[in-house]
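Written below as C-alpha cells is the structure these notes are about.
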Number of protein chains: 2
Amino acid sequence: MPAKKRKITKARYEALAELRYALRQFLRFSENAAQAAGVTPQQHQAMLAIKGFPGPDLITIGELAERLQILHHSTVGLVNRLVAERYVQRVMDRKDRRQVRLVLTLRGETILENLSTIHSEQLQRMAPQITQLLKGLRGEIF
Amino acid sequence: MPAKKRKITKARYEALAELRYALRQFLRFSENAAQAAGVTPQQHQAMLAIKGFPGPDLITIGELAERLQILHHSTVGLVNRLVAERYVQRVMDRKDRRQVRLVLTLRGETILENLSTIHSEQLQRMAPQITQLLKGLRGEIF
DNA sequence: TGAATTATATCGTATCACGATATAATTTGG
DNA sequence: CCAAATTATATCGTGATACGATATAATTCA
C-alpha cells in the first residue's frame with residue numbers, strides 16, 4: 001500500500017491554525033513578561049529549566065541544553081550571560097568533576113517566582129481553549 | 001491588601017518546566033518538518049494561518065500579522081517571499097481596494113497538506129501529556 | 001593508556017523580527 | 001468634499017539568537 005492521500009478538512013486546518021495562534025499568544029505574553037522583568041525570554045526559560053529540573057539533583061549544562069532544545073555550546077553562552085548578571089551560579093560536581101551544575105541565586109529566584117506566578121495565571125486562563133483544541137484534533141479525519 | 005507573596009512549590013516549577021519542554025519539543029519537531037519540506041518554519045506557519053483562517057473569507061495582510069503575532073510590515077516581507085516561491089497568491093479585494101487577500105497556490109496546498117498530516121499525528125501523540133500538565137497547573141497553590 | 005564525555009571558547013554565518021521612517025492608494029467620517 | 005484614517009508596501013540599519021565548524025582542556029571510563 002503506497003501513499004494514503006487523505007484530504008484534510010477545512011475544520012482541521014482551522015483547528016491547527018487556532019492552536020498555533022493560541023501558542024503564539026502565549027509565547028508573546030511570556031516574552032513581554034520576561035522583558036518587563038528585565039530578562040530576555042531565553043534567560044527566563046533557562047531559569048525555569050534550572051529550577052524546575054525534575055528530582056533533587058541540580059541540572060548540568062548538557063541536561064539544560066536538552067531541556068531547552070538547543071546545542072551544548074549555545075547553552076554555555078546562555079549560562080555565561082546568566083552568571084554575569086548574577087541570576088545563576090555554577091556549582092562544581094564532586095562526583096564527576098567534568099560536570100558543572102547550576103543553581104539560581106536569590107536574585108534569580110525572586111525574578112523567576114514573579115514570572116512563574118503570572119505564567120501560571122495566564123496558563124490557567126488559556127488551558128480550557130487549548131485542551132479543547134487538542135481534543136478536537138484527535139481522530140475524526142485521517 | 002498589598003502584595004500576596006505566595007510561594008511557588010517545587011512541583012509547580014516542575015510542571016511549568018515540563019510544559020515548556022514539551023512545547024519546545026513540538027516546535028523543534030515542527031521546524032524540522034518544515035525544513036524537510038523545503039520551507040522555512042515561518043513560511044509554514046503563514047501558510048497554515050492563510051489556509052486555516054476561520055470562515056469563508058480570505059485572510060488579509062493585517063489579519064495575517066495578527067494571527068502570526070508579528071508586525072504588519074514584517075508580514076509584507078514574509079508574504080513577498082511566499083509569493084516569490086509560488087506558494088501563495090495575492091488577490092485583490094474588490095470591496096476595499098486597499099486590501100490584499102491571500103490564497104495558497106496548488107503548490108502551497110500540497111506542501112501544507114503534507115505538513116499538516118504529520119503535525120496532526122504528532123499533536124495526537126503529545127496531547128495527553130500536555131492536557132495532563134495543564135490540568136496539574138490549575139488550582140492548588142496560589 | 002587510549003577513547004569517550006563534558007564543558008568551554010572563538011569566529012563567522014544565517015535568520016528573523018523590529019524600529020524608524022516614508023510613500024501611495026483608497027476609504028471613511030465630519 | 002476634503003481631511004483623516006486605514007491598508008499595504010518599501011528601505012535600511014539594528015539586535016538577538018542559535019548554528020556550524022573547529023579547537024582545547026579536564027576528567028572519567030573501558
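Just so it is clear, the structure is predicted and the values come from calculations on it, not from any experiment. Numbers restart at 1 for each chain; the letters A, B, ... are given by sequence-line order, proteins then strands.
Side-chain N or O atoms of B/Arg24 include one that pairs as donor or acceptor with a backbone N or O of A/Arg67 at under 3.5 Å.
Across the interface with DNA chain D, nearest-nucleotide mapping of A/Arg94 and A/Gln42 shows A/Gln42 to be the residue nearer the 5′ end.
Using a 4.0 Å heavy-atom cutoff across all strands shown, B/Arg101 reaches no nucleic acid atom at all. In this structure, A/Thr75 reaches neither bases nor backbone, as no heavy-atom distance under 4.0 Å exists between it and the strands shown. Nucleic acid contact class of A/Arg28 (heavy atoms, under 4.0 Å, all strands): sugar-phosphate only.
For A/Asp96, taking side-chain heavy atoms from C-beta onward, the closest of the listed nucleotides D/dT9, D/dT17, D/dT27 is D/dT27. Which of D/dC19, C/dT8, C/dC16 sits closest to the side chain of A/Val76 comes down to C/dT8. Of the candidates C/dT26, D/dT17, D/dT7, the closest approach to any side-chain atom of B/Arg97 belongs to C/dT26.
Here A/His73 does not reach the OP1 or OP2 of C/dA7: none of its side-chain N or O atoms lies under 4.0 Å away. The side chain of A/Thr60 places no N or O atom within less than 4.0 Å of a non-bridging phosphate oxygen (OP1 or OP2) of C/dT6.
In this structure, A/Glu66 atom CD and C/dT5 atom P are separated by 16 Å, rounded to whole Å. Atom CG in A/Leu78 sits roughly 12 Å away from atom C1' in D/dA16 (whole-Å rounding). As rounded to whole Å, 14 Å separates atom C1' of D/dA8 from atom CD1 of B/Ile70. A straight line from CD1 of B/Ile59 to P of D/dT7 spans 14 Å, rounded to a whole angstrom. In this entry the distance linking CG of B/Asp93 with C1' of D/dT7 reads 11 Å, nearest Å. We find that NE2 of A/His44 is positioned 14 Å from P of D/dT17, with the value rounded to whole Å.
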Hey, mind stepping through A/Glu113 and A/Thr110 against side-chain hydrogen bond (donor to acceptor under 3.5 Å, both in side chains) and telling me if it holds? CA-CA 5 Å; A/Glu113 181 160 350; A/Thr110 303; over 6 Å; no
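Using cut-offs of 30° and 60° for the angle between ring planes, the A/His119 and A/Phe26 rings count as perpendicular.
In the model, B/Arg12 has no side-chain atom that pairs as donor or acceptor with a side-chain atom of A/Ser116 under 3.5 Å.
Contact annotation: side chain of B/Arg98 to base of D/dT6, donor-acceptor pair present below 3.5 Å.
In the hydrophobic clustering, where aliphatic and aromatic side chains (Ile, Leu, Val, Met, Phe, Trp, Tyr) are joined below 4.5 Å either directly or transitively, A/Tyr21 stands alone.
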